[in-house]
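Just below is one structure, and these are the notes that go with it.
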Amino acid sequence: MKIKMKDGSIREADFKEELGKNAFWHTTAHILAQAIKRLYPDTKCAIGPSIKNGFYYDFDFHFHFSEENFAEVEAEMKKIVNENLQLKHFIVDHKKAIQIMEEKNESYKIELLNELPKEEKISFYQQGEYLEMCAGPHIAYTNAIKAFKLLSIAGAYWRGNEKNKMLTRIYGISFPSKDLLEEYLNQLEEAKKRDHRKLGKELGLFALFEEGPGFPFFLPKGLLLKNLLIDYWRKLHIREGYMEISTPIMLNRQLWETSGHWNYYKDKMYTTLIDETDFAVKPMSCPGSMLVYKMEPHSYREFPMRISELGLIHRNEKSGTLHGLMRVRCCTQDDAHIFMTPEQIQDEIKGVAHLIDEVYSNFGFHYHVELSTRPENSIGSDKDWEMATNSLKNALDDLKLPYIINEGDGAFYGPKVDFHLEDSIGRTWQCGTIQLDFQLPQRFKAEYIGEDGNKHQPIMIHRVVFGSIERFIGILIEHFAGKFPLWLSPVQVKILSISDKYMNYIKEIEMTLKKEGIRCEVDERAEKIGYKIRSAQLEKIPYMLIIGEKEAKTSCVSVRKRDDGDLGSMPIKQLLEILQKEGI
RNA sequence: GCUGACAUGGCACAGGCGGUAGCGCACUUCAUUGGUAAUGAAGAGGUCACGGGUUCAAGUCCCGUUGUCAGCUCCA
């Protein structure tokens with residue numbers, strides 16, 4: 001495909017390449033806008049870029065546009081594709097650009113233009129009667145778009161600011177062939193089957209009720225999973241020299257005023273009055289941790305001092321942001337606070353980053369890293385912020401971890417490094433984070449005795465590995481599509497009886513497995529074996545033991561593996577070896 | 001919080017123009033005692049999210065509330 005660039009040059013790129021894909025989708029967005037303008041000329045166009053999967057276009061409609069309108073819009077788009085319009089590119093000066101957009105009464109475009117310097121040259125693309133101010137790139141002709149589909153409709157604030165008008169955003173996707181579109185839509189369907197909310201219900205892991213929006217309930221199998229993760233986490237943290245504590249979920253107002261949360265975080269905290277004193281349910285565990293630190297004097301010899309806590313935290317998140325286990329109002333953070341000297345910062349950050357990498361790699365997760373800098377609403381001096389931000393940067397550079405920078409996205413008390421994981425449809429969620437904090441030790445007047453015999457203020461790191469255990473479980477469910485590895489499976493082995501004549505032998509096998517610490521269940525219903533296998537398979541249980549006359553007589557078990565099918569008959573001892581090897 | 005859509009037995013769904021609810025799976029009972037993804041039969045389960053309104057009559061139409069979903073904003 002020929003791609004027309006912003007500067008007027010032409011490049012060659014395939015749809016498989018990033019450039020080709022962007023141009024392809026971007027052009028489809030223009031075709032959408034062209035169709036909209038043909039059908040509803042009063043509509044104003046805002047912006048319409050290509051995105052990770054497809055494109056969107058934001059419109060300001062003068063009527064209620066709904067998905068019922070999709071059919072006629074798609075029909076018009078089809079016409080535009082068939083007209084095989086050429087995308088012409090030209091550049092005008094700023095004044096002329098404003099003139100063109102004023103003629104077309106495109107007020108959003110004019111607003112964008114007014115923010116550009118007057119000497120800026122403005123790039124335009126035109127296909128047929130449709131003209132758009134746009135930086136491109138675009139493909140050369142509309143009929144390359146052999147298959148497209150409008151996918152959904154949603155509100156989106158103009159320029160992403162919630163104080164601005166909400167526009168109507170139309171999402172879509174397009175491909176150079178019908179087969180590719182089919183394939184994509186199938187993939188979407190498949191991804192939906194992995195949705196942790198769906199699997200969580202089907203597998204009996206967790207539940208959410210109208211009585212507590214955003215407050216998940218853990219069901220027996222889900223809690224087992226959560227506890228297994230916690231066991232794993234504890235083992236790692238003991239190895240890494242952390243000391244675990246537990247602090248109350250409610251503390252008084254004075255503490256939150258000291259920490260700064262009362263001023264900077266109050267709208268997200270649940271508060272109540274006890275004996276005429278304000279109390280807040282903790283949205284973070286750090287202030288509790290500070291109290292523990294301050295119980296007694298500390299020496300630099302104790303540093304780095306790593307205090308961990310599985311903190312049950314509550315945050316009044318906006319109702320529209322709640323999302324299964326991924327975004328909740330109550331969760332367990334695998335928090336830890338590390339107190340140290342300035343010289344120890346680099347090594348500590350690197351150590352934590354290593355730990356996070358170890359855990360994510362253990363699950364086969366892919367992640368990306370973001371560094372967030374000082375936000376507008378923050379506390380502390382410029383000097384401290386600069387030092388903290390540079391410490392994080394240096395550690396990431398040392399580790400050769402690629403990262404992107406989020407300007408102004410840090411916590412109010414310090415900059416942070418976030419580790420993001422992907423869900424089944426490619427949305428990313430912040431999980432691990434390392435946050436440097438010069439503020440809290442200062443606010444709490446925390447100190448330690450240095451090598452010089454004088455008092456100093458310790459540096460503090462807040463960090464989580466899972467992030468919230470809830471969110472991490474959500475990611476786990478989607479990553480494994482509910483087929484957890486053996487060590488994490490709530491039920492590891494299901495024994496399926498062929499007839500009830502051999503129940504004694506089955507109970508014997510069950511006891512043997514349970515003595516080895518293997519989580520197993522017996523399906524002794526009066527059903528056929530095919531039915532029970534199907535049932536265990538749907539429960540995604542890793543190992544099934546089929547036991548009937550043959551097994552009872554030969555003192556064996558027939559083993560069926562969730563992912564590999566029939567493994568044949570073997571003595572129980574051999575099965576135990578297989579399970580041990582896989583890791584229980 | 002904002003915009004839009006949705007809300008029917010445990011689950012997944014039907015219910016053109018308003019005439020007081022259906023199917024499949026699961027569940028219970030009975031029969032069947034079987035060999036690697038669904039044995040057969042019978043039975044029980046719903047004040048159609050909640051609160052108002054229109055109407056002789058509302059699952060169905062209107063308004064509100066709550067919740068869910070998609071996205072925006074925000075965040076672990």
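For clarity, every value in this text was computed on a predicted model and none was experimentally measured. The basis for the numbers below is simple: all heavy atoms, side chains too, and nothing from hydrogens, waters or symmetry mates. Reminder, nothing fancy here: chain letters follow the sequence lines and each chain counts from 1.
- Ion pairing of A:E240 with A:R306 is absent here, as no side-chain N (NZ or NE/NH1/NH2) approaches a carboxylate O to less than 4.0 Å.
- The residue among A:I547 and A:K318 whose nearest nucleotide of RNA chain B is located toward the 5' end is A:K318.
- Checked against the 6.0 Å centroid threshold, A:F65 and A:F59 do not count as a close aromatic pair.
- Distances were taken from every side-chain heavy atom of A:S319 (C-beta onward) to each of B:rU39, B:rG1, B:rG35; the shortest belongs to B:rG1.
- Atom NZ in A:K165 sits roughly 22 Å away from atom P in B:rG1 (whole-Å rounding).
- When each of B:rU36, B:rA76, B:rU39 is scored by its nearest atom to the side-chain atoms of A:S468, the top-ranked nucleotide is B:rA76.
- Remark: C1' of B:rG35 and CG of A:L545 are 14 Å apart, rounded to the nearest angstrom.
- Here the separation of B:rC23 from B:rG46, taken at their C1' atoms, is 14 Å to the nearest Å.
- Among the protein residues, A:E549 comes within range of the nucleic acid bases, having at least one heavy atom under 4.0 Å from a base atom.
- Taking 3.5 Å as the limit, the base of B:rC72 and the side chain of A:R159 contain no donor-acceptor pair of atoms between them.
- Across all strands shown, A:A526 has heavy atoms under 4.0 Å from base atoms, whether or not it also approaches the sugar-phosphate.
- For A:K561 and A:E582, the salt-bridge test passes: some basic side-chain N is under 4.0 Å from an acidic carboxylate O.
- With a cut-off of 3.5 Å on both pairing distances, B:rA14 has no Watson-Crick or G-U wobble partner at all.
- When heavy atoms are screened at a 4.0 angstrom cut-off, A:Y157 is found touching base atoms of the nucleic acid.
- Base pairing of B:rC48 is not made with any nucleotide, judged by Watson-Crick or G-U wobble geometry with both donor-acceptor distances under 3.5 Å.
- Using a 4.0 Å heavy-atom cutoff across all strands shown, A:G530 reaches sugar-phosphate atoms only and no base atom.
- Taking a pair to require two hydrogen-bonding distances under 3.5 Å in either a Watson-Crick or a G-U wobble arrangement, B:rC72 pairs with B:rG1.
- Salt bridge annotation for A:R525-A:D523: present, with a cationic side-chain nitrogen under 4.0 angstrom from a carboxylate oxygen.
- Whole-Å rounding puts the A:Y502 OH to B:rG35 C1' distance at 12 Å.
- Between B:rA70, B:rA37, B:rU73, one nucleotide has an atom nearer to the side chain of A:Q537 than all others, and that is B:rA37.
- A:I546 comes within contact range of at least one nucleobase, with a heavy-atom separation under 4.0 Å.
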